[in-house]
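First the proteins, then the strands, lettered A, B, ... as listed; each starts at 1.
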Amino acid sequence: MEKLKTLRGFRDIFGDEINTFQHIEHVTRKYCKLLGFAEIAIPVLEKTELFVRSIGDTTDIVEKEMFTFIDKGGDSLTLRPEATAGIVRAYLQEGMYAKERVSKLFCIGPMFRHEKPQKGRFREFHQIDVEVFGIDDPLVDAELMWMIFLILNELGVDSYGIEINSVGCPGCRETFKKVLVSYFETKKNELCEDCIRRLQRNPLRIFDCKNAKCIEVSQKSPFLFDYLCVTCNEHFDMLLKHLEGFGVAYIINKRLVRGLDYYTKTVFEVTSDKLGAQKAFIAGGRYDNLVEEMGGPSAPGYGFAIGVERLALLTKMKELPKQPSYFFAYVGDRAKAYIVPMLRTFVKEGLSLSYSYEGKSLKSQMRYADSLHADFVFILGDEEIGKHIIVLRDMRKKIQFELPLEPSKLLQEVKKLITQ
RNA sequence: GUGGGUGUAGCUCAACGGUUAGAGCACUGGGUUGUGGACCCAGUGGCUGAGGGUUCAAAUCCCUUCACUCACCCCA
């Protein structure tokens, strides 16, 4: 029989890694709540059309990376490749735009993209998504970057850079595209095959190319940054002022463009050189026209996504002080019968009590207790039962003493030890 | 989708084409009656990823396939 295993690019997350995940979620939730964000859980599965309309039908994500299938009813459904589309849908469907002036939402969960896996990239991966709707003040852009700064600081991530750029509004972008295309047309023979293709479809993405010759050509090319309209320019200037006010260090990267069609004005990436080829672990930007394009009111938006797997690779876990743990070791069947009352007594008080189901020798139980890093071990046998006592061994201090066997008195003595 | 690298015990890895495929870690038991970590002894554990071929003989060479991995494309 064939061995059962996870699908390619899908993984079990457990052990140290899931602890890191939980820690990342905990810290992120804390700052989201401090800055007035409300958590929302949205479906993993939506109609394919939602993603095609929001992400853009010529993007790689939509063209070749979605898990799409036909449902029994004949609908085309897709496992979400990103969260923004679904959150925009919820924002509209639940009428949030009518209930509040500004909506601040965040969402944590798995995303799915049918790509070839490599370092820091999986077919099922996890994102923490943060979005703001209803306001286009550059203060929002800066505030969220500051939040990232606070989160990374608390997670002990040190070597990273926040790269920012502006991709303008549809107005300045269109005029710039013409300038750009006419420049690259003159250098066409120096570009790689991919970039010649990009020239037709999405010339801005030539800036993303890693080919040495293309970089050389594009470095001398005009930048959209220098062609921004007055409004976009002012937005960007204010963003920089606010970032300085927040004390967030940034790098302006005029080459930075993003893979999703809906971005306007501010775009940014947080990168680390410790991640291999997939160096961006947080990315986001402004999307002032997306909500309207999705059939809603004219509501600007701004958001970012944290790649949890990638961030986990950079997170330093601190050893948290834990409350003491207890182990119950027993000798003989009469003593084993005390497992149930011991458990009831301890767990009710919120104290962790482990034990061996199999019993075996006291030696093996002590070894087991040690492997579980128990702080205290109770030892009970016929001898103690006869004397109405139980032995408590302090595993760190290597000392042991006798305590009353009666549960309420035992608990009293144990609590005294904790407060010592 | 395109390349490169790697597949041997639960994990990390050995084994020139030649005995019964080994070691460390982990696990289990033991090292005077009922006491942990270190140390010592013993034990469990493998269709060498799968399938075919070459050979007297294949973990080892060849082909196919699958998986993992890194990179490209793209992305968090």
Side-chain angles (χ1 to χ4, degrees), chain A residues 1-3 5-11 15 24 55 58-66 80-84 108-130 148 192-195 197-198 202 205 208-211 257-260 268-272 275-285 303-314 327 329-332 335 356 358-385 391-400:
Chain A
M1 199 173 79
E2 205 181 328
K3 276 183 191 167
K5 53 185 298 192
T6 54
L7 299 169
R8 166 178 285 198
F10 286 68
R11 312 180 307 129
I24 289 170
I55 299 168
T58 60
T59 55
D60 277 43
I61 292 179
V62 169
E63 278 191 338
K64 54 186 192 189
E65 293 174 1
M66 297 205 300
R80 61 184 186 196
E82 56 108 49
T84 306
I108 300 180
M111 306 294 156
F112 304 86
R113 290 185 200 169
H114 200 282
E115 301 178 272
K116 199 150 177 179
Q118 65 188 80
K119 186 179 172 71
R121 179 160 76 195
F122 307 97
R123 289 186 173 180
E124 181 189 35
F125 61 102
H126 296 77
Q127 284 191 341
I128 299 172
D129 222 75
V130 181
I148 290 169
C192 71
E193 275 180 38
D194 286 329
C195 283
R197 211 184 66 227
R198 289 186 181 111
N202 194 348
R205 297 211 65 94
D208 263 353
C209 190
K210 284 158 190 162
N211 183 301
V257 290
R258 313 243 352 102
L260 287 75
F268 73 97
E269 276 183 5
V270 186
T271 59
S272 167
L275 291 174
Q278 270 63 46
K279 64 192 181 83
F281 62 101
I282 301 176
F304 66 84
I306 299 174
V308 180
E309 279 81 357
R310 292 182 188 177
L311 177 53
L313 293 172
L314 302 170
F327 187 95
Y330 52 92
V331 182
S356 160
E358 295 147 303
K360 298 183 184 172
S361 68
L362 182 58
K363 176 184 203 153
S364 91
Q365 290 185 67
M366 292 301 288
R367 278 184 177 167
Y368 184 37
D370 190 60
S371 74
L372 296 176
H373 304 111
D375 299 298
F376 296 97
V377 176
F378 294 102
I379 299 165
L380 189 69
D382 289 335
E383 202 181 302
E384 287 80 10
I385 293 171
V391 170
L392 178 64
R393 178 169 176 82
D394 183 326
M395 297 293 273
R396 291 184 199 286
K397 294 179 185 162
K398 299 178 192 182
I399 51 169
Q400 58 191 55

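Take the nearest nucleotide of RNA chain B for A/G276 and for A/E309: the residue whose nucleotide is more 5' is A/G276. Residues A/A280 and A/R121 each lie close to RNA chain B; by heavy-atom proximity, the contact nearer the 5' end of the strand is made by A/R121.
Taking atom CD of A/E82 as the reference point, atom C1' of B/rC74 lies 14 Å away to the nearest angstrom. In this structure, A/Q278 atom CD and B/rA76 atom C1' are separated by 9 Å, rounded to whole Å. In this structure, A/D60 atom CG and B/rC74 atom C1' are separated by 5 Å, rounded to whole Å. With rounding to whole Å, A/K64 atom NZ is found 14 Å from B/rC72 atom P. In this structure, CD of A/Q365 is placed 15 Å from C1' of B/rU28, rounded to the nearest angstrom. Atom CG of A/D394 is separated from atom C1' of B/rG36 by 13 Å (rounded to the nearest Å). Here the P atom of nucleotide B/rA71 and the NZ atom of A/K279 are 13 Å apart, to the nearest Å. Here the C1' atom of nucleotide B/rA76 and the CG atom of A/L313 are 12 Å apart, to the nearest Å.
Of the charged side-chain nitrogens involved, at least one lies within less than 4.0 Å of a carboxylate oxygen, so that A/E115 and A/R121 count as a salt-bridged pair.
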inquiry  = Between A/D375 and A/M395, does the side-chain contact (heavy atoms from CB on, under 4.5 Å) criterion hold? Intermediate values first, please.
reply    = CA-CA 5 Å; A/D375 299 298; A/M395 297 293 273; 5.9 Å; no
ask   = ring-ring contact (aromatic ring centres under 6.0 Å, His included) between A/Y330 and A/F378: does it pass, once the steps are laid out?
value = CA-CA 8 Å; A/Y330 52 92; A/F378 294 102; over 10 Å; no
key: Evaluation steps, side-chain contact (heavy atoms from CB on, under 4.5 Å), between A/V377 and A/M366   = CA-CA 8 Å; A/V377 176; A/M366 292 301 288; 3.9 Å; yes
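Side-chain atoms of A/R310 never come within 3.5 Å of backbone atoms of A/L275 as a donor-acceptor pair (strictly under, hydrogens ignored). Within the 3.5 Å criterion, the main-chain N or O of A/H126 finds a donor-acceptor partner in the side chain of A/E309. Put simply, the side chain of A/Q365 gets close to the backbone of A/G359: a donor and an acceptor are under 3.5 Å apart.
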Output one line per pair: protein atom, nucleotide atom from nucleotides 8-11 of chain B, and distance, for all N/O pairs under 3.5 Å.
none

Any N/O pairs under 3.5 Å between the protein and nucleotides 65-69 of chain B? List them or say none.
{"unit_1": "B/rA67", "atom_1": "OP2", "unit_2": "A/R8", "atom_2": "NH2", "d": "3.4"}
{"unit_1": "B/rA67", "atom_1": "O2'", "unit_2": "A/K5", "atom_2": "NZ", "d": "3.0"}
{"unit_1": "B/rC68", "atom_1": "OP2", "unit_2": "A/R8", "atom_2": "NE", "d": "2.9"}
{"unit_1": "B/rC68", "atom_1": "OP2", "unit_2": "A/R8", "atom_2": "NH2", "d": "3.4"}

Could you run down the sub-3.5 Å N/O contacts of the protein with nucleotides 31-35 of chain B?
{"unit_1": "B/rG31", "atom_1": "N7", "unit_2": "A/K363", "atom_2": "NZ", "d": "2.9"}
{"unit_1": "B/rG31", "atom_1": "O6", "unit_2": "A/R367", "atom_2": "NH2", "d": "3.1"}
{"unit_1": "B/rG34", "atom_1": "O6", "unit_2": "A/E383", "atom_2": "N", "d": "3.4"}
{"unit_1": "B/rG34", "atom_1": "O6", "unit_2": "A/E384", "atom_2": "OE1", "d": "3.3"}
{"unit_1": "B/rG34", "atom_1": "N1", "unit_2": "A/E384", "atom_2": "OE1", "d": "2.9"}
{"unit_1": "B/rG34", "atom_1": "N1", "unit_2": "A/E384", "atom_2": "OE2", "d": "2.9"}
{"unit_1": "B/rG34", "atom_1": "N2", "unit_2": "A/E384", "atom_2": "OE2", "d": "2.9"}
{"unit_1": "B/rU35", "atom_1": "O2", "unit_2": "A/Q400", "atom_2": "OE1", "d": "3.3"}
{"unit_1": "B/rU35", "atom_1": "N3", "unit_2": "A/Q400", "atom_2": "OE1", "d": "3.3"}
{"unit_1": "B/rU35", "atom_1": "N3", "unit_2": "A/Q400", "atom_2": "NE2", "d": "3.1"}
{"unit_1": "B/rU35", "atom_1": "O4", "unit_2": "A/Q400", "atom_2": "NE2", "d": "3.0"}

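Closest non-hydrogen pair, A/R123 versus A/P117, comes out as NE-CD, 4.4 Å. A/S272 and A/L314 get closest at one heavy-atom pair: OG-CD2, 3.5 Å. In terms of heavy atoms, A/P81 sits closest to A/M111 at O-CB, 3.9 Å. Here the closest heavy-atom approach between residue A/T271 and residue A/F281 is recorded as C-CE2, 3.7 Å.
Within the nucleic acid shown, A/A283 comes within 4.0 Å of sugar-phosphate atoms alone, with no base atom in reach, counting heavy atoms only. A/F125 comes within 4.0 angstrom of a nucleotide base, judged by non-hydrogen atoms across all strands.
Straight-line distance between the C1' atoms of B/rA21 and B/rG45: roughly 14 Å, to the nearest whole Å. For the P atoms, the distance linking B/rG53 with B/rA59 amounts to 15 Å, nearest Å. B/rA76 sits 29 Å from B/rG7 when the C1' atoms are compared, rounded to a whole Å. For the C1' atoms, the distance linking B/rU48 with B/rU20 amounts to 15 Å, nearest Å. Remark: the separation of the P atoms in B/rC41 and B/rC61 is 36 Å, to the nearest Å. Nucleotides B/rG52 and B/rU69, compared at atom P, are 28 Å apart to the nearest Å. Distance check on atom C1': B/rA42 versus B/rC47 gives 27 Å, rounded to whole Å. A distance of about 15 Å separates the C1' atoms of B/rA58 and B/rC63, rounded to the whole Å.
The side chain of A/K360 contributes an N or O atom lying less than 4.0 Å from OP1 or OP2 of B/rG29.
Annotation: side-chain contact (heavy atoms from CB on, under 4.5 Å) contacts of A/L7 (sequence neighbours excluded): A/F10. Take A/K116 and apply the side-chain contact (heavy atoms from CB on, under 4.5 Å) test, not counting sequence neighbours, and it matches A/R8.
If you take CZ on A/R80 and CG on A/D129, they are separated by 9.0 Å, rounding to the nearest 0.5 Å.
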request  = Taking Watson-Crick and G-U wobble pairs with both distances under 3.5 Å, convert RNA chain B into its dot-bracket string, 5' to 3', dots for unpaired and | for cross-strand pairs.
outcome  = (((((((..((((....[...)))).(((((.......))))).....(((((..]....))))))))))))....
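Crowding of A/F122 atom CZ: a count of heavy atoms from other residues, nucleotides or ligands under 6.0 Å exceeding 12.
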